Structures are given as C-alpha cells and as structure tokens.
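For reference, the structure discussed in these notes is given below.
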Amino acid sequence: MPRKPARRAATKLPLAKPASVRKAKVKSPAVDPRAHSRLVVDGLAQTPARAMLRAVGYTDADFQRPSIGIASTWSNITPCNVHLDGLASAAAAGADSAGGKSRQFNTITVSDGISMGSPGMRYSLVSREVIADSIEVVAGAQGFDGLVAIGGCDKNMPGCLMALARLNRPAVFVYGGTIRPGAHRRDIVSVFEAVGGRAAGTVSAATLHEVEATAIPGAGSCGGMYTANTMASAIEALGMSLPNSSAQEAVSSGKTDDCHRAGEAVVRLVKAGLTPRMIMTRAAFENAIVTTIALAGSTNAVLHLLAIAREAGVKLSLDDFTRLGKRSPVLADLRPSGKYLMSELIEIGGIRPLMKALLDEGLLHGDVLTVSGKTLAEDLKHVGDYPAGQDIVRPFDNPVKADSHLVVLYGNLAPEGAVAKITGKEGLEFSGTARVYNSEEASLQAILDGRVKAGDVVVIRYEGPVGGPGMREMLSPTGAIMGRGLGDQVALITDGRFSGGSHGFVVGHVSPEAAVGGPLALVKTGDRITIDARRRELKLQVSERELAARRKAWKAPKPYATTGVLAKYAAGVSSASLGAVTGPVIAHKTRKK
C-alpha cells in the first residue's frame, strides 16, 4: 500500500520514550501476582475454600499460582459462538503453561442474526450489560488475578471489554474469529437482501432457498466489516488484543494459537502489574476510532466505544468522532458498502499493515501500551505493506472517502446527536417526505408491500434504548430497501440502531429518543426532512410554532415491558448519545495524553 509520509505531517503524534515502555515490561517489586486470589485461598479461615477448589482439580501447588479466569461467551445457539468452548480451553492451557492456574466460566449470549426483525431483538443490547455484569460478578466473587475474555458476536465483545475496564485486573480479549464465505461469496446480509428481492419479484423462491441454505457455512461471526469484525478490529487497535487477533478465521489453527498465546500473555501481565486502564487511555480510544473509520466500520462502534470508555473512566463523546473523522479517511473497500469480505482482508495481512500505514501517516498514537507489554509502535515496527496489486485497502491518495463515513448529525430532529453511516456512494444529502412508523415491524411490512416509494424518508421511532426497549437493529428494513432496489432513493432514520450489515442512506441513534419526548416523536407523515452530511445536519422542515403545538399534544406511549429485565433496563438506561449504558459509572483517574 503506497504511503505519502509528507501528507498530514503537521498532525503527526509523538511516540513514547523507550524508558516509559521498559517500565511497563519490568516486574515491579510492589506487584503481587496473587493480590486477589490470596484473599480467597490463603490462611486458616479459607480452608473451606481450598477444600472446594480441590474438588475441581486444584493441587497444593496450584494455590500458589496466579488465578486466571477464562470467560467464554460460548453457546450453540449461534454460529458466532458455537466454537468458543474449544478456544477457551486453548486459552486455559496457555495460562497454565505460563505458571497460572486457569478456571473457565461462561456468560450468556444472544444471536442478533436470529432475533433480527422479531421482538427478541429487544434483548440484544440488553445482553451487553448482562454479560458485563456477569463477568464482573464471577471475577469479583472468585478472586481472579487476571482474565482472558473470549467473544464472538456483536454485544458480547463490548460486554467483555466493559467488564475488563470495571475490574481493572490484567486481562486480554480474544476475538472468536470471522466466518468463512458462503457459496458465491455470500454472507448473512445476502440473505436479508434476498428477502427484499423476493418481495420485489427479482429473486425466485428457489433462489431464495438456495441463498438461505448456503450463505452461512459454519462457525464464526458475520463475514463483512459488520459489527463483530468492526469491534474486533477496534479492540485490537485499543490495545486489548494481541497483534492480529481481529484478523483470523474462526475455524483455523491461527485462532487456536491466538487463544493459547493470550493465556500466556495474561500471566505475564499479572506479573508485570499492567492493567486495562493503563492500556485503555484516551489516546488508545482515538486509535480505535481512527482504525474503525479506515475500515468503514459499523455505527455500533460509536455506541460501544462510548460505553467502554465510560467504564474505563475516559472522557469520550460523539464530538470526538467528528473531530477525528475530519482527518481520517476510509481506506478499506469492505462490505456492506464495499466489495470484499473479512476473509479476503485476512488473506492479504489483516489490519496490521493498515495500522502501520495509519501510524506512519501520523494518524495513530504510537506510544500507547498494548497487552503485548509493548507500545503500539513497537508492535507494528516490523509489519510490512500489503502485497502489490491488491485493491481491498486503498492508498491515502485514492481513498474510498477522504473523511469519515461515521457522520454525527445535529439539528432540530437530533439536539443530542444522531449517527449516520455515509460512505459517499449514497450521496451526501437527502431531502424527502417523511413516512412515519411507530415500530420496526410496521415499517418492514410497508417496505415489503411496496408502500415505501422513491423520495421517502422512512421514520422508525419508539425503538430507542427506553422505547424499544433495547434499541433494536434495523437490518430487516434496510435489507428490504436494498433488496427492492431503493437503496439510493430512500432514506431511513430511527432512534434505534443498525446492524453493521446495514447500508444506504441511514441515520440511527437519534437522541433524545421519541419515547422520552424527543423531536422524533413529533414527526408526521408528509413532513419534509433533510439529511445533510456535509453540514452534519438532520432537520425537520416544520416551524417551531407547529412543533410546540405538537409537543403540547404529545403523550408518551405505554411501555413495552413493565416487568423483567426489559423493564429494568428501560428504567435505568442512558441516552444513546452517552453509549446507552446502565447504572452508575465511577470516574477513574486516567493517564492523560
């Protein structure tokens, strides 16, 4: 990949002094590698605890080793996670071989791809909080000195990182890996779009069944630069995964080796006293954002990085995505808006050559620490360029888009912000007539029935964090729009969010949401709406006087759930503009850049 070091020279970021790196790698005399486990197993009073642990395989020697928790989000309800039990065992073996004592445990997980378009999708974002809570609970109760967390799907990955940030015990995250391409390079988005094609009459019943039967060939996360691969890449750029962890197929020897090395690495981190909040600094989050932009990653990265940063005590806001986006180009031509799959990016070297190019261009902070115990600059020092002739990742002088595709919009429809995914292929401005629906189901039926026409702006409301509750993803409506051939003729805005597989002129995370009286609740079918990516504006062309009258007449809808986890979530969740987090978040003192 050709680079032009002179470009953006004024914005280059300083690299760390070698001395600051060496300190992180040398075990401090003050570090106690058993700081947490000794409280559980040492001394006369803890004899019963030792007796319990002997029953699960502990020996006398094991009580003197650092206790390493291996948190797996394994289940066989989804291909994203069906193989993670084997990967957890590999991580446990790595930790044991490095002098730790591993113990494995599981969290829940749900499948977005299976629940998409159904009431079950309300539980998706909720699961992120449950996963974070469960890892914190087990690690806190069992006194683990270090952790390896293994995630394979959209919400369990940020859920793992949120827990690791809260606990602040030495830890490594491992991505379960991407799925291999289906027949004819198909993936899950191919299926959603084929549904729209069937409704439009352009896809036969036989073809639809063939797509359904061949698109998902086995284990692994969805194959484009959708949310899972986006978050894996962002977490590696954040410094919380070992080099190249994000760019391996789920079913591969490389991924098994990655897990074994993660187990070894966490023992080293425990002995060195290197904790997640030393790694997840503000500069590291900026690296994650820039890398996500370069890869044309999912809008969900905005929501999840805000949430992880809150748990890590790092100040991060929507405006940081705008600030960094102005100087960060989109370089990767990856699905959903591009041509290539993650497996094809893996074949040319994954994301490491891209990160090296971004570092050389002055767009990444090289002095941040990673779970390797080195700085990012040291990790990337010997990384080479992509092979000549490839066109998956473009050079800086020929980007897919010169600035970010993640566009934060404000205006009278989104006073607290909204997030659009605009690559430029859809155009940079859309003005049309609102067609309003109070649920995803109602909008999808209208699209499939042909009631949504060119020039419409589909408005889907009451699907936000509180209103959904749970902020469902709108892959079914966006997939149907694309399948009907309306991708460049219809826009869609929502207080819900989008799958990483969504593309087209789409705007989500509209805040404040309709359920709490946000302006989206006041829109009527027939209103004029303008989406302007250049001016970063989302505007309802209705007078303030008329909006005031509508606001006075508006009544909040009845809540979807009044008991159980959905009601509990709706009662405590924050705005999407803050990451849709729940519960109090303690501000921790962090290293400033």
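Treat the numbers as computed from the prediction; the structure is a model and nothing was measured. Scope of the values below: all heavy atoms of this structure, side chains included, with no hydrogens, waters or symmetry mates.
The CG atom of Leu354 lies 9.0 Å from the OG atom of Ser233; values are rounded to the nearest 0.5 Å. For the atom pair NE2 of His36 and CG of Leu167, the computed distance is 8.5 Å after rounding to the nearest 0.5 Å. With values rounded to the nearest 0.5 angstrom, Asp85 atom CG is found 6.0 Å from Trp74 atom CH2. Here the CG-OG1 distance, from Leu84 to Thr78, works out to 9.5 Å after rounding to the nearest 0.5 Å. Distance CG/Leu238 to OG1/Thr370: 10.5 Å, rounded to 0.5 Å. The line from CD1 of Ile351 to CG of Asn244 is 7.5 Å long, rounded to the nearest 0.5 Å.
Across every non-hydrogen atom of Lys421 and Ser298, the tightest pair is NZ-CA, 4.2 Å. For the residue pair Ala219 and His83, the shortest heavy atom distance occurs at CB-ND1, 3.8 Å.
Pro415 places a side-chain heavy atom less than 4.5 Å from the side chain of Pro512. Side-chain atoms of Leu369 and Leu274, non-hydrogen and from C-beta on, do get closer than 4.5 Å to each other.
For the residue pair Asp154/Tyr226, the side-chain donor-acceptor check at 3.5 Å is not satisfied. Between the side chains of Ser575 and Glu416, at least one donor N or O lies within less than 3.5 Å of an accepting N or O. At a cut-off of 3.5 Å, with distance as the only test, a side-chain donor of Asp62 or Thr59 sits close to an acceptor on the other residue. Residues Asn300 and Glu473 have side chains that bring a donor and an acceptor to within less than 3.5 angstrom of each other. For the residue pair Asn81 / Ser75, no side-chain donor-acceptor distance below 3.5 Å is found, with atom types taken as modelled. Counting only N and O atoms by type, the side chains of Thr582 and Glu129 include a donor and acceptor under 3.5 Å apart.
Salt-bridge annotation for Glu311 and Arg277: absent, with no side-chain N of the basic residue lying under 4.0 Å from a carboxylate O of the acidic one. The pair Arg472-Asp112 does not meet the salt-bridge criterion, since no charged nitrogen lies less than 4.0 angstrom from a carboxylate oxygen. Using a 4.0 Å cut-off between charged side-chain N and carboxylate O, Asp257 and Lys255 make no salt bridge. Asp96 and Arg65 are not joined by a salt bridge, as no carboxylate oxygen comes within less than 4.0 angstrom of a charged side-chain nitrogen. Comment: Arg323 does not engage Asp319 in a salt bridge, judged by the lack of any side-chain N to carboxylate O separation of less than 4.0 angstrom. Electrostatic pairing of Glu236 and Arg352 counts as a salt bridge here, judged by a charged N lying under 4.0 Å from a carboxylate O.
A cation-pi arrangement, defined by a distance under 6.0 Å to the six-membered ring centre and an angle within 45 degrees of its axis, is present between Lys101 and Tyr58.
Heavy atoms of other residues, nucleotides or ligands lying less than 6.0 angstrom from OH of Tyr123 number 12 at most.
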Apply side-chain contact (heavy atoms from CB on, under 4.5 Å) to Val110 and Met121, showing your working. CA-CA 9 Å; Val110 300; Met121 188 63 192; over 6 Å; no
Ser67 vs Ser37, side-chain hydrogen bond (donor to acceptor under 3.5 Å, both in side chains): CA-CA, chis, key distance, verdict: CA-CA 6 Å; Ser67 180; Ser37 61; 5.5 Å; no
Apply side-chain contact (heavy atoms from CB on, under 4.5 Å) to residues Ile68 and Val270 and explain how you reach the verdict. CA-CA 9 Å; Ile68 306 298; Val270 167; 4.1 Å; yes
The test is side-chain contact (heavy atoms from CB on, under 4.5 Å); show your working for Val407 and Phe321 and say whether it passes. CA-CA 8 Å; Val407 182; Phe321 288 84; over 6 Å; no
Test log, rule side-chain hydrogen bond (donor to acceptor under 3.5 Å, both in side chains), inputs Asn229 and Tyr175: CA-CA 9 Å; Asn229 282 317; Tyr175 175 42; 2.7 Å; yes
Could you go through the side-chain contact (heavy atoms from CB on, under 4.5 Å) check for Arg536 and Tyr410 one step at a time? CA-CA 6 Å; Arg536 298 183 175 87; Tyr410 292 96; 5.9 Å; no
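When Arg282, Lys326, Lys315 are each tested for a salt bridge (Lys or Arg N to Asp or Glu O under 4.0 Å) with Asp320, only one passes: Arg282.
Taking the six-membered ring where tryptophan is involved, the planes of Phe144 and Phe105 are essentially parallel, since the angle between them stays under 30° and well short of 60°.
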